[in-house]
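A quick write-up on the structure given underneath.
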Amino acid sequence: MKEVGAQLKRLIDAAAPYWAGEAEVFRSYWNWEKRSRESDRRWLALQCSKEIWGSGLAPLDKGIFLGPAEELVAAFPRIDIELDRHAVLDIAEGLRAEFAHYCAFADAHDALALPGEPRLNPHAVKTAWKEDLELSALRFAHKKENAKLGDRATRFTEGGYCTLFSEGMKLKASKKGPHAHANALIAEACAQVYEDEFGHMLKGIIGLEADGLAAADWSRLQRMAIEQLRARIHMRNAQFGSPLAGAALERALAGRCDPIVFDYGKARLAA
Ligand SMILES: [Fe+2]
Ligand SMILES: [Fe+2]
């Protein structure tokens with residue numbers, strides 16, 4: 001196990017209440033009186049938009065399918081000449097994983113359709129929602145401010161500690177009630193995505209220590225990460241139709257939720 005440095009631990013501790021704030025959105029939504037088949041289809045479609053178009057993880061017009069697909073085509077003549085085979089495999093695996101996530105959520109979305117309702121496709125979900133565009137814009141602004149730190153912050157905040165997927169997986173237990181069918185579909189989709197996304201988040205976290213950042217960089221990185229995590233709470237709340245409001249929303253945005261306990265064991269890190 002790799003020992004976690006004090007700086008990284010501080011960053012994780014600072015992020016943990018905001019991860020919890022994001023989780024609070026989903027927990028409030030699952031049993032919300034305004035939840036319906038339509039609202040489930042809406043958030044699932046918006047999730048598909050993220051899995052294909054990437055929310056600032058890639059150029060907006062290419063997203064995380066076309067972006068890596070074009071990179072692979074461009075890489076082919078250079079494999080093992082200028083470009084290591086494993087770097088190319090990484091691109092291919094990223095493409096496969098994100099498209100698999102798209103498929104998982106699109107399948108759940110389509111399974112909730114009434115007869116005659118159209119199937120989802122990537123082009124129908126190209127337009128992201130306002131708060132998701134704001135998250136993308138913030139990530140691009142951070143990269144512009146400082147390319148390395150902005151990219152690190154973006155990778156650190158990717159997936160928001162996977163709380164959508166971990167909270168969604170818990171729905172497996174709710175087999176009764178008006179949302180039983182949807183709950184089973186959502187739990188299944190989230191289970192398919194969870195391990196991959198935990199891995200993506202770890203890549204973003206573990207790389208941080210190898211960089212040998214100066215103390216001032218760590219505090220800048222933390223500021224960027226917290227700004228992005230707050231933007232994620234707005235993005236998730238809007239995605240789910242605003243189940244968090246008033247004091248509960250303020251608490252989440254202020255980082256006053258009980259922090260998520262970071263699983264150092266799963267991350268194969270020693271705290
Ligand atoms: Fe994904
Ligand atoms: Fe991912």
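Computation of the quantities below employed the complete heavy-atom set of this structure, encompassing side-chain atoms and omitting hydrogens, waters and symmetry-equivalent molecules. One-based numbering, in listed order, for ligands and for the atoms of each.
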- Is the shortest distance from a Lys or Arg side-chain nitrogen in R42 or E38 to a carboxylate oxygen in the other one below 4.0 Å? no
- Message: Going by side chain to side chain donor-acceptor pair (under 3.5 Å), name the pairs with one or both residues in residues 178-191, residues two or more places apart or in two chains.
- Response: R35-N183, E188-Q192
- Considering residues, nucleotides and ligands other than D80, do more than 12 of their heavy atoms fall under 6.0 Å from its CG? yes
- Query: What side chain to side chain donor-acceptor pair (under 3.5 Å) pairs are there with at least one residue in residues 241-251, not counting sequence neighbours?
  - Reply: none
- Please list, chain by chain and in numerical order, all residues satisfying ring pair (Phe, Tyr, Trp, His ring centres under 6.0 Å) with Y161, sequence neighbours excluded. W19, F198, F262
- Task: Please list, in chain and residue-number order, the protein N/O/S atoms closer than 2.8 Å to the Fe ion (ligand 1).
- Result: E51 OE1, E98 OE1, H101 ND1, E197 OE2
- Item | Nearest to the Fe ion (ligand 2) - the N/O/S atom of E158, by atom name | OE2
- Is E117 salt-bridged to R41, cutoff N-O under 4.0 Å? yes
